[in-house]
Amino acid sequence: MQRITILRPGGREQLQLETIADLQPGPGEVRVAVAAIGVNFADIAIRLGLYESAKKFVGWPITPGFETAGVIDAIGDGAQGDLAAQGLGVGSQVIAVSRFFGYASQVVVPVAHLVPLPLGWTLAQGAAFPVAWLTAWYGLHHLAQARAGDRVLVHSAAGGVGQALVQLAVAQGCRVLGTVGSQAKVATVQALGAERVVVRASGQLWPAVAQWAPDGVDIILDANGLETLAQGYKHLAAAGRLVVYGHASMLDRGGGKTPLWRLAWRWLRTPRWNPLDMTTTNKSVLAFNLSFLFDKTAVLREAMAFLLARVASGQAQPIPVTEFPLAQVADAHLALESGATIGKLVLRV
Ligand SMILES: NC(=O)c1ccc[n+]([C@@H]2O[C@H](COP(=O)([O-])OP(=O)(O)OC[C@H]3O[C@@H](n4cnc5c(N)ncnc54)[C@H](OP(=O)(O)O)[C@@H]3O)[C@@H](O)[C@H]2O)c1
């Protein structure tokens, strides 16, 4: 099998393609012959050595990758019954989540980390499904408890997680304002049903938010970090929830390594909130990281059931994908680091 290995933290030259012996599924596990792999912004943080759970669960060297799609080609002892209960067996097309190791032509996962590929979806669309949608579900539904009529602000709304968030919020009956980094992304977010789309760089963002929601915003989904957190909190309505799930603006756009002093400076300027003030102002800040949730099988199952029902009803449409061959993974990272991509990037095996 082939996989991408990063020997040590660094630039895109660290993404090395290597050939190793085939994997064998252990008890309760299944092997998937991978056809497509979802690329995530977190993979860049992993490569740069800035991703905590990569250090905690794997260390170096590491093969990144949280999501794949392909065909089941080997079944470990004791896994047959659970697979059959889902109508799956050797030859079934599936989507798999794994805590790392996804940038590979084979993955081995427990049955609980597999779902069938939705009818009519391509394997590339399937590989782009789990991380963006699980993240969106966890932030919007599990933590923020979105209800019909809520005013929801989604940052980076044309990206992978952003598009899933807009679709879920619209399906829930929320009113959505999306922000994007450039004019080229506006039409995509409008087409998903957002009421307003604002280009952040225009300097018009917060006046536009105040005009759109004069009493404040009920829910904000923010993976920018420093760039937008302080103003976001300020623009929350009473009982509003600011959900933080990333810090993309810590890194310089365009890729390469952000100098350590600049990272430290941005870290120092990241807002901190006082619980005493928060009780008085009646606003919450919530935060999470999906990779710490992989062992929570019940939550994963609940999330997947919810999301697959949305897919079946047509309320969750596949996010558009741009494909790169696995050997050109460095080009995919370069594209994602540019901040210019729309939808998801997928590696083709
Ligand atoms: N907590 C979790 O478990 C979890 C899970 C999945 C993803 N995430 C986070 O969610 C965010 C979106 O992830 P994604 O994989 O779906 O990526 P994405 O949104 O498809 O792409 C990243 C987008 O972030 C924006 N951005 C802001 N600052 C940037 C910078 N310095 N460099 C490059 N882009 C920058 C750009 O969009 P605009 O310029 O249009 O804003 C860019 O297109 C990331 O921050 C990621 O780390 C967190």
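Note that ligands are numbered from 1 as they come in the structure, with each ligand's atoms numbered from 1 the same way. This one's a predicted model, so the numbers in the text were calculated from it and none came from an experiment.
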Next on the checklist: How far is atom 20 (O) of ligand 1 from the closest protein heavy atom, and which atom is that?
Outcome noted: G160 N, 2.9 Å
Item to check | Heavy-atom nearest neighbour in the protein, as seen from atom 31 (N) of ligand 1, with distance rounded to 0.1 Å | outcome: L251 O, 2.8 Å
Checklist entry - Taking a hydrophobic cluster as the set of Ile, Leu, Val, Met, Phe, Trp and Tyr residues connected by side-chain heavy atoms closer than 4.5 Å, whether directly or through intermediates, do L17 and V349 fall within one such cluster? => result yes
Checklist entry - Which atoms of ligand 1 have any heavy atom of V180 under 4.0 Å away? => result 40 (O)
Next on the checklist: Check this for me - ligand 1, T135, N or O atoms closer than 3.5 angstrom, yes or no?
Outcome noted: no
Item to check | Minimum-distance protein heavy atom relative to atom 26 (N) of ligand 1 | outcome: R253 NH2, 3.3 Å
Checklist entry - Within less than 4.0 angstrom of ligand 1, does M250 place any heavy atom? => result no
Checklist entry - Which of the atoms of ligand 1 are close to G181, meaning less than 4.0 Å from one of its heavy atoms? => result 38 (P), 39 (O), 40 (O), 41 (O)
Next on the checklist: Using the salt bridge (Lys or Arg N to Asp or Glu O under 4.0 Å) definition, which of the options R266, R200, R269 pairs with E227?
Outcome noted: R200
Next on the checklist: For the residue pair N224 / S249, report whether a side-chain donor-acceptor contact shorter than 3.5 Å exists.
Outcome noted: no
Item to check | ligand 1 versus K185: contacting region, heavy-atom distance under 4.0 Å | outcome: side chain
Item to check | W265 atom CH2, neighbour heavy-atom count above 12 within 6.0 Å | outcome: no
Checklist outcome for this item: Short version for N224: what comes under 4.0 Å of ligand 1, heavy atoms counted, is side chain
Checklist entry - Where do E18 and R3 land on the salt bridge (Lys or Arg N to Asp or Glu O under 4.0 Å) test, with the steps shown first? => result CA-CA 6 Å; E18 64 173 8; R3 70 178 180 192; 2.7 Å; yes
Checklist entry - If you measure from each non-hydrogen atom of E227 to ligand 1, which part falls under 4.0 Å: side chain, backbone, both or neither? => result neither
Item to check | Short side-chain donor-acceptor distance under 3.5 Å, N289 and E52 | outcome: no
Checklist entry - So does E323 pair up with K344, basic N to acidic O under 4.0 Å? => result no
Checklist entry - Heavy atoms only: which of A223, G139, A340, A157 is nearest to atom 11 (C) of ligand 1? => result A223
Checklist entry - Using a heavy-atom cut-off of under 4.0 Å, does the side chain or the backbone of V131 touch ligand 1, or both, or neither? => result side chain
Item to check | Where ligand 1 meets G343 - atom numbers and elements under 4.0 angstrom, heavy-atom basis | outcome: 20 (O)
Next on the checklist: Within ligand 1, which atoms have a heavy atom of L290 less than 4.0 Å away?
Outcome noted: 2 (C), 3 (O)
Checklist entry - If you measure from each heavy atom of A45 to ligand 1, is any distance below 4.0 Å? => result no
Checklist entry - When you check the gap from the basic side-chain N to the acidic O, do D331 and R12 get nearer than 4.0 Å? => result no
Item to check | Sidechain N-carboxylate O distance under 4.0 Å for E195, R151 | outcome: no
Checklist entry - For atom 22 (C) of ligand 1, which protein heavy atom lies nearest, and how many Å away is it? => result F41 CD1, 3.8 Å
Item to check | Contact (N/O only, under 3.5 Å) between S338 and ligand 1 | outcome: no
Side-chain polar contacts of residues 163-173 - donor-acceptor pairs under 3.5 angstrom, sequence neighbours left out - could you list them?
| unit_1 | atom_1 | unit_2 | atom_2 | d |
| --- | --- | --- | --- | --- |
| Q163 | NE2 | A158 | O | 2.9 |
| Q167 | OE1 | Q317 | N | 2.7 |
| Q167 | NE2 | Q317 | O | 3.1 |
| Q172 | OE1 | R310 | NH2 | 3.0 |
| Q172 | NE2 | A146 | O | 3.3 |

Checklist entry - Which residue supplies the protein heavy atom nearest to atom 1 (N) of ligand 1, what is that atom called, and how far is it? => result Y245 O, 2.8 Å
Checklist outcome for this item: for atom 41 (O) of ligand 1, nearest protein heavy atom and its distance come out as S156 OG, 2.6 Å
Item to check | Connected hydrophobic set around L229, excluding itself, where side chains approach under 4.5 Å | outcome: L153, L177, V198, L205, W206, V209, W212, V217, I220, Y233, L236, L242, V244, W273, M278, V285
Next on the checklist: For ligand 1 and F288, I'd like to know whether there is a polar contact (N/O to N/O, distance under 3.5 Å).
Outcome noted: yes
Checklist entry - Should we count CD of Q183 as having more than 12 external heavy atoms under 6.0 Å? => result no
Checklist entry - Going by the order shown, which atoms of ligand 1 are within less than 4.0 Å of some heavy atom of E337? => result 32 (N), 33 (C)
Checklist outcome for this item: Ranked by distance from atom 21 (O) of ligand 1, the top protein heavy atom is L336 CD1, 3.7 Å
Item to check | Backbone or side-chain N or O of V39 under 3.5 Å from ligand 1 N or O | outcome: no
Checklist entry - Hey, are D252 and R262 close enough for a salt bridge, meaning a charged N less than 4.0 Å from a carboxylate O? => result yes
Next on the checklist: Between D43 and Y103, do the side chains contain a donor N or O and an acceptor N or O under 3.5 Å apart?
Outcome noted: yes
Checklist entry - In terms of heavy-atom contacts, does CG of L276 have more than 12 from other residues, nucleotides or ligands at under 6.0 Å? => result yes
Next on the checklist: Closer than 4.0 Å to some heavy atom of N40 - which atoms of ligand 1 meet that?
Outcome noted: 15 (O)
Checklist entry - Just wondering, are more than 12 heavy atoms of other shown residues or ligands nearer than 6.0 Å to NZ in K55? => result yes
Checklist entry - For atom 7 (C) of ligand 1, what is the nearest protein heavy atom, given as residue, atom name and distance? => result V161 CG2, 3.7 Å
Checklist entry - Below 3.5 angstrom, do we get any N/O pair linking A248 and ligand 1? => result yes
Item to check | Short N or O distance, G162 and ligand 1, threshold 3.5 Å exclusive | outcome: no
